[in-house]
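First the structure, in the form of structure tokens, and then the observations on it.
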Amino acid sequence: MIRWALPAVLLTAWLLGGCTLIPERDAVDRSWFLLELPAEPAPLQAETDRPLAVELGSVRVAPAYSGKGLVYRLGDHRYESDYYNEWFLTPGEQIEQLLRERWTREGAAVELVGSAADVRAEGRPAVELHLLVTALYGDLDAANLDSLPAADAEQPVRGMGRVGLRTQLRTAERSRLVHMEAQHTIDRRSAARLVSALSQATADVLAELEHELLREAEGEARE
């Protein structure tokens with residue numbers, strides 16, 4: 001056993017000294033992003049001094065998009081999460097935060113309240129809202145990708161950043177499901193461009209959501 005001691009020590013020193021058989025790779029920087037809504041479409045402004053009362057219930061995200069990695073759809077049932085480009089907050093946290101910021105601004109058409117039932121007891125219409133994010137990804141043209149020599153951020157691609165919401169709107173008399181979706185073009189496989197497209201699409205669906213909330217409140221007031 002003693003005869004193997006010296007070779008073993010030399011081998012250990014060689015490995016610890018950095019002479020390994022594993023080729024070195026350049027370090028890849030990781031990046032983190034947040035959805036940042038553009039100025040347009042702007043949040044709806046109240047037309048009277050009584051904005052619509054909305055109780056924000058659950059905010060959930062479909063499992064395919066609930067993680068922190070940016071998600072690309074590469075074809076039928078082919079999704080890829082980007083390990084090196086991630087959300088700073090989970091998608092669910094971001095959507096809830098955006099809604100709370102949007103609906104606590106002075107003059108907004110929607111006012112967040114703790115209890116829709118308490119507001120109705122005061123004689124005002126109120127809506128209880130539950131959200132499911134059904135899409136939050138970059139949809140890339142698989143045929144276009146296959147024709148490229150490599151997945152290079154400088155190579156043009158055809159694709160869309162897609163955002164989808166399924167909402168449940170509850171009033172005192174009824175409950176209604178509404179689905180809305182928006183998309184914006186991306187022309188590079190670039191995390192920054194994907195986040196920009198998703199931010200614009202998110203602004204579009206939130207503006208549509210506000211119209212649906214006001215429409216629901218008008219229906220409740222007529223009944």
Side-chain angles (χ1 to χ4, degrees), residues 32-68 70-71 86-120 122 124-137 161-172 174-184 194-221:
W32 289 266
F33 299 88
L34 286 170
L35 291 168
E36 297 183 9
L37 302 190
E40 294 294 335
L44 292 181
Q45 298 296 295
E47 297 181 356
T48 68
D49 59 354
R50 301 298 295 272
L52 171 64
V54 172
E55 177 187 345
L56 182 59
S58 60
V59 178
R60 297 180 295 122
V61 180
Y65 325 112
S66 61
K68 283 196 171 183
L70 302 186
V71 176
E86 296 187 328
W87 297 115
F88 185 73
L89 300 173
T90 65
E93 291 172 329
Q94 290 191 76
I95 296 297
E96 181 170 353
Q97 180 175 296
L98 289 172
L99 289 174
R100 292 190 180 280
E101 290 176 354
R102 191 180 183 94
W103 294 342
T104 53
R105 295 177 180 175
E106 185 176 357
V110 175
E111 174 192 10
L112 282 181
V113 298
S115 171
D118 290 347
V119 174
R120 294 190 196 105
E122 300 172 359
R124 293 173 55 194
V127 180
E128 183 181 344
L129 171 66
H130 297 273
L131 289 174
L132 172 65
V133 179
T134 58
L136 186 72
Y137 61 91
R162 299 183 187 275
V163 176
L165 292 182
R166 182 174 295 126
T167 64
Q168 183 182 47
L169 311 178
R170 292 180 182 173
T171 64
R174 62 177 181 172
S175 177
R176 182 167 66 99
L177 290 176
V178 181
H179 183 76
M180 52 204 69
E181 187 168 305
Q183 61 187 34
H184 279 264
L194 173 58
V195 171
S196 177
L198 292 177
S199 296
Q200 181 66 64
T202 299
D204 290 344
V205 295
L206 294 187
E208 185 177 351
L209 172 60
E210 290 172 351
H211 284 290
E212 289 293 341
L213 286 167
L214 295 176
R215 188 176 298 119
E216 193 68 23
E218 290 171 0
E220 182 184 27

Inset, instruction - Quick one: closest heavy-atom pair of T171 and E216, and the distance? - result: CG2-CG, 3.5 Å
Legend entry - Residues which pass side-chain hydrogen bond (donor to acceptor under 3.5 Å, both in side chains) with T104, listed by chain and number, not counting sequence neighbours: none
Inset, instruction - Could you pull out all residues at least two apart from E96 that satisfy side-chain hydrogen bond (donor to acceptor under 3.5 Å, both in side chains)? - result: R100
Inset, instruction - Any chance you could measure H184, atom NE2, to T202, atom OG1, to the nearest 0.5 Å? - result: 9.5 Å
Legend entry - Nearest heavy-atom neighbours spanning A126 and A116: CB-O, 3.7 Å
Legend entry - Where G67 and P91 come nearest, the two heavy atoms and their spacing: O-CD, 3.4 Å
Inset, instruction - Ignoring hydrogens and angles, tell me if any N or O in the side chain of H130 forms a donor-acceptor pair with the backbone of L169 under 3.5 Å. - result: no
Inset, instruction - Could you tell me which residues satisfy side chain to side chain contact (heavy atoms under 4.5 Å, CB included) with R105, sequence neighbours excluded, listed by chain and number? - result: P43
Legend entry - side-chain contact (heavy atoms from CB on, under 4.5 Å) partner of V61, the single match among L131, L136, V133: V133
Legend entry - Side chain R162, main chain A135, donor-acceptor under 3.5 Å: no
Legend entry - Short side-chain to backbone donor-acceptor contact, E128 and E55, under 3.5 Å: no
Legend entry - Contact list for residues 32-44, test salt bridge (Lys or Arg N to Asp or Glu O under 4.0 Å), sequence neighbours left out: none
Inset, instruction - Answer whether the closest heavy-atom distance between the side chains of M180 and V163 falls below 4.5 Å. - result: no
Inset, instruction - Measure the shortest side-chain to side-chain distance between V195 and L70 over non-hydrogen atoms and say whether it is less than 4.5 angstrom. - result: yes
Inset, instruction - Measure the CG-CG distance between D204 and L165 for me, rounded to the nearest 0.5 Å. - result: 11.0 Å
Legend entry - E86 side chain vs K68 backbone, donor-acceptor pair below 3.5 Å: no
Legend entry - Sequence-distant partners of Q168, side-chain hydrogen bond (donor to acceptor under 3.5 Å, both in side chains), two or more places apart: R170, S175
Legend entry - Over all atoms of both residues, closest heavy-atom pair of A62 and T134: CB-CA, 4.4 Å
Inset, instruction - Keeping to residues at least two apart or across chains, list the ring-ring contact (aromatic ring centres under 6.0 Å, His included) pairs with something in residues 34-65. - result: Y65-Y137
Inset, instruction - Kindly write out the residues that satisfy side chain to side chain contact (heavy atoms under 4.5 Å, CB included) with P38, not counting sequence neighbours, or none if the list is empty. - result: Q200, A203
Show me the donor-acceptor pairs, under 3.5 Å and distance only, between side chains in residues 206-213 and residues at least two apart or in other chains.
from	atom 1	to	atom 2	distance (Å)
E210	OE1	L44	N	2.9
E210	OE2	R102	NE	2.6
E210	OE2	W103	NE1	2.8
E212	OE1	R176	NH1	3.4
E212	OE1	R176	NH2	3.1
E212	OE1	R215	NH1	3.1
E212	OE2	R215	NH1	2.8

Inset, instruction - Tell me, with the steps shown, if L99 and L56 meet side chain to side chain contact (heavy atoms under 4.5 Å, CB included). - result: CA-CA 9 Å; L99 289 174; L56 182 59; 4.0 Å; yes
Inset, instruction - Could you tell me which non-hydrogen atom of G161 sits nearest to which non-hydrogen atom of L194, and how far apart they are? - result: CA-CD1, 4.2 Å
Legend entry - Pairwise side-chain contact, W87 with F33, heavy-atom cut-off 4.5 Å (strictly under): yes
Inset, instruction - Please answer whether the main-chain N or O of L35 pairs with a side-chain N or O of S199 as donor and acceptor at a distance below 3.5 Å. - result: no
Inset, instruction - Rounded to the nearest 0.5 Å, what's the gap from CD on E47 to CG on L214? Could you check? - result: 8.0 Å
Legend entry - Validation row: E111, L52 side chains within 4.5 angstrom (heavy atoms): no
Inset, instruction - Apply side-chain hydrogen bond (donor to acceptor under 3.5 Å, both in side chains) to S66 and list each qualifying residue two or more places apart in sequence or on a separate chain. - result: none
Inset, instruction - Please identify each residue that fulfils side chain to side chain contact (heavy atoms under 4.5 Å, CB included) with Q45, with sequence neighbours left out. - result: none
